[in-house]
2 protein chains.
Amino acid sequence: MELNTTTKISEAVIRRLTDYLRCIRCAGEAGRDMLTSLEISERCGLNASIVRKDLAQFGAYGVKGMGYNVRDLTRQINKILGLDKLKDVVLVGAGHLGTAIIRYPGFADVNFNFIAAFDTDPEKIGKTIGQAEVYPVEDLKPFIRKHGIQIVVLTVPSSEAQAIVNDLDPDYVKGVLNFTAVVFPPKQNNMFVHNIDLAKELEVISYCMKNCLSQGS
Amino acid sequence: MELNTTTKISEAVIRRLTDYLRCIRCAGEAGRDMLTSLEISERCGLNASIVRKDLAQFGAYGVKGMGYNVRDLTRQINKILGLDKLKDVVLVGAGHLGTAIIRYPGFADVNFNFIAAFDTDPEKIGKTIGQAEVYPVEDLKPFIRKHGIQIVVLTVPSSEAQAIVNDLDPDYVKGVLNFTAVVFPPKQNNMFVHNIDLAKELEVISYCMKNCLSQGS
DNA sequence: TTGTGAAAGTTATAACTTTCACAAATTGAA
DNA sequence: TTCAATTTGTGAAAGTTATAACTTTCACAA
């Protein structure tokens with residue numbers, strides 16, 4: 001099949017691709033070098049044909065009768081998602097969560113590189129977290145301009161979130177990952193904002209437990 | 001409309017309810033006491049009628065011509081999701097991420113109470129993080145049994161994840177929130193496992209940026 | 001070289017979800 | 001009390017997504 005260039009890809013497909021990527025990586029680390037759609041589907045809690053359909057949509061990456069090659073498929077999905085190139089990211093708010101995020105191995109796995117952190121606390125400024133040095137938050141704007149930063153991760157206290165987002169320059173910043181309790185609309189000043197609620201999955205589990213649902217990922 | 005007891009509620013609806021809850025709370029803190037479906041929809045990046053339909057499905061919580069009462073709606077959604085009762089939760093792996101999660105205010109907001117943490121590092125044992133004391137990981141199993149713990153949050157190094165999950169007693173533990181890079185199937189020993197990938201939203205942003213999509217939350 | 005089994009790729013259909021459009025209900029002002 | 005302005009709740013239509021069923025292709029072994 002031809003590589004899909006015209007059809008609109010839904011966000012649900014993209015989210016599943018990230019799941020495939022993760023479970024394929026996980027299987028690869030366990031020594032597997034081929035995986036079938038059935039296996040991927042079981043690991044992700046899906047139906048096998050949706051896995052095949054999702055992947056076939058972007059090109060025929062499998063080998064009939066055999067399955068998908070772990071190394072190749074990883075490379076292909078990385079390419080689809082734009083994870084094949086290193087991306088510089090900055091973090092604002094070097095507290096517990098910010099520190100944990102910079103150190104979270106999952107970001108490096110997908111080529112996100114935290115090159116700097118920003119905070120108001122003078123105690124923290126000048127220190128390094130992982131590879132990232134901590135700068136005063138006043139330096140954020142010029143830093144973004146100078147380094148052409150496109151993605152900002154927000155882990156400041158909720159009370160400060162709005163002011164920082166308002167001050168981001170949409171000529172540079174295209175995406176914001178918001179870990180604060182403030183809910184931003186998905187498009188803000190032409191930037192994509194994704195609100196992340198760590199409690200969300202726990203809330204979903206809570207509902208599942210209460211209602212004894214069997215359910216997917 | 002009668003309260004829904006028969007129709008199957010999809011997980012997508014539940015996820016949206018958690019979004020509503022969050023944005024309603026956020027509006028409430030900003031001093032609002034009524035919200036219309038349109039306002040909620042805009043904050044969440046959705047269509048207004050889906051908000052109405054989602055809420056109406058569980059009962060008529062709105063007032064025609066006026067909108068939804070912030071306080072009442074919060075209470076209703078909390079009830080639907082089973083967040084109206086305090087739930088004890090334990091954390092395994094008291095590293096950076098574990099510490100950040102225990103301190104994350106979003107969990108307390110929805111009545112999740114971290115009552116203990118477990119770790120292998122003798123340095124950490126005996127200390128407290130938030131309200132939670134850190135115990136040796138050997139004490140996990142008896143602790144779960146003694147306190148009837150139903151939810152476990154997993155923030156250990158990936159290499160240890162499998163062993164800990166295998167050792168959880170499904171007679172007590174119903175839900176696992178897995179922050180490690182290991183991907184577990186959604187049902188493991190009759191426990192609900194939710195795999196959380198902090199990098200996932202960044203991957204989605206990456207794709208959106210690459211393809212200049214306009215998209216929802 | 002050919003036959004066989006396995007699993008990808010593909011199509012058609014069923015199931016589900018979202019949106020539209022409007023009736024019903026409520027408030028507040030005239 | 002009535003009227004206008006709102007906004008919910010909801011049935012039907014449209015649109016989308018997932019599933020099942022089918023066809024094709026590949027690798028391997030005889």
Side-chain angles (χ1 to χ4, degrees), chain A residues 1-4 6-17 19-20 24 27 32-70 72-73 76-77 80 186 213-217, chain B residues 1-4 6-17 19-20 24 27 32-70 72-73 76-77 80 186 213-217:
Chain A
M1 193 210 200
E2 287 303 304
L3 220 144
N4 185 312
T6 49
T7 323
K8 200 201 150 198
I9 308 296
S10 76
E11 194 177 318
V13 175
I14 300 307
R15 289 183 180 276
R16 282 199 301 269
L17 286 181
D19 290 341
Y20 304 157
I24 293 161
R32 305 292 307 274
D33 51 38
M34 291 295 278
L35 279 179
T36 68
S37 59
L38 184 65
E39 279 184 283
I40 297 174
S41 72
E42 282 168 352
R43 287 164 185 259
C44 295
L46 300 166
N47 179 297
S49 52
I50 206 173
V51 175
R52 292 199 294 275
K53 205 174 181 184
D54 282 346
L55 296 176
Q57 189 168 181
F58 294 97
Y61 302 139
V63 182
K64 293 181 180 176
M66 298 297 282
Y68 298 88
N69 179 283
V70 165
D72 291 348
L73 191 54
Q76 296 290 359
I77 298 179
I80 294 166
L213 286 181
S214 63
Q215 40 76 70
S217 153
Chain B
M1 193 209 201
E2 288 302 304
L3 220 143
N4 185 312
T6 49
T7 322
K8 202 199 148 200
I9 307 295
S10 78
E11 194 178 318
V13 175
I14 300 308
R15 289 183 179 275
R16 281 198 302 269
L17 286 181
D19 290 340
Y20 303 158
I24 293 162
R32 304 294 304 274
D33 51 39
M34 290 297 279
L35 279 179
T36 68
S37 59
L38 184 65
E39 279 184 282
I40 297 174
S41 73
E42 283 168 352
R43 285 163 186 261
C44 295
L46 299 166
N47 179 299
S49 55
I50 207 169
V51 175
R52 292 201 293 275
K53 207 156 233 174
D54 282 347
L55 297 175
Q57 190 168 180
F58 295 97
Y61 302 139
V63 182
K64 291 183 181 178
M66 298 298 282
Y68 299 86
N69 178 284
V70 165
D72 291 349
L73 190 54
Q76 296 291 358
I77 298 178
I80 294 165
L213 286 181
S214 61
Q215 41 78 69
S217 155

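Every chain is numbered from 1, with letters handed out A, B, ... down the list of sequences.
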Could I get the full list of side chain to side chain contact (heavy atoms under 4.5 Å, CB included) partners for B:N69, not counting sequence neighbours?
-> B:M34, B:R71, B:D72

When rounded to the nearest 0.5 angstrom, what distance separates CD1 in A:I24 from CG in A:L73?
-> 4.0 Å

Qualifying residues under side chain to side chain contact (heavy atoms under 4.5 Å, CB included), relative to B:Q76, sequence neighbours excluded = B:Y61

Return no unless some side-chain N or O of A:Y68 is found under 4.0 Å from OP1 or OP2 of C:dA6.
-> no

Which pairs of donor and acceptor atoms, one on a side chain in residues 42-49 of chain A, lie under 3.5 Å apart (sequence neighbours left out)?
from: A:N47; atom 1: OD1; to: A:S49; atom 2: N; distance (Å): 2.7
from: A:N47; atom 1: OD1; to: A:S49; atom 2: OG; distance (Å): 2.7

Quick one, give me the B/S/- string for nucleotides 22-30 of chain D, reading 5' to 3', where B means a protein heavy atom under 4.0 Å from the base and S means that only happens at the primed atoms, P, OP1 or OP2.
-> --BBBS---

Provide the full list of salt bridge (Lys or Arg N to Asp or Glu O under 4.0 Å) pairs with a residue in residues 50-64 of chain B, sequence neighbours left out, each pair given once.
-> B:R16-B:D54

Any B:S37 side-chain nitrogen or oxygen under 4.0 Å from OP1 or OP2 of D:dT8 | yes

Reckon A:S49 touches a base, only the sugar-phosphate, or nothing at all at heavy-atom distances under 4.0 Å?
-> base

Give the minimum heavy-atom separation between B:L55 and B:Y20, together with the two atoms involved.
-> CD2-CD1, 4.1 Å

Rounded interatomic separation in angstrom, taking CD1 from A:I50 and C1' from C:dA12 | 16 Å

Secondary structure of DNA chain D per the Watson-Crick/G-U criterion (both distances under 3.5 Å; [ ] crossing, | other strand, . unpaired) is ||||||||||||||||||||||||||||||

Starting from P on D:dT19, measure out to CG on A:D54 and report it in whole angstrom.
-> 11 Å

Indicate the atoms forming the closest heavy-atom contact of A:T36 with A:Y68, along with that distance.
-> C-CD1, 4.4 Å

Nearest-angstrom distance from the residue atom CG of B:N47 to C1' of D:dA14 = 13 Å

Taking OP1 and OP2 of D:dT17, is either one under 4.0 Å from a side-chain nitrogen or oxygen of A:R16?
-> no

Minimum heavy-atom distance between A:R32 and A:V70, given as atom pair plus value = O-CG2, 3.7 Å

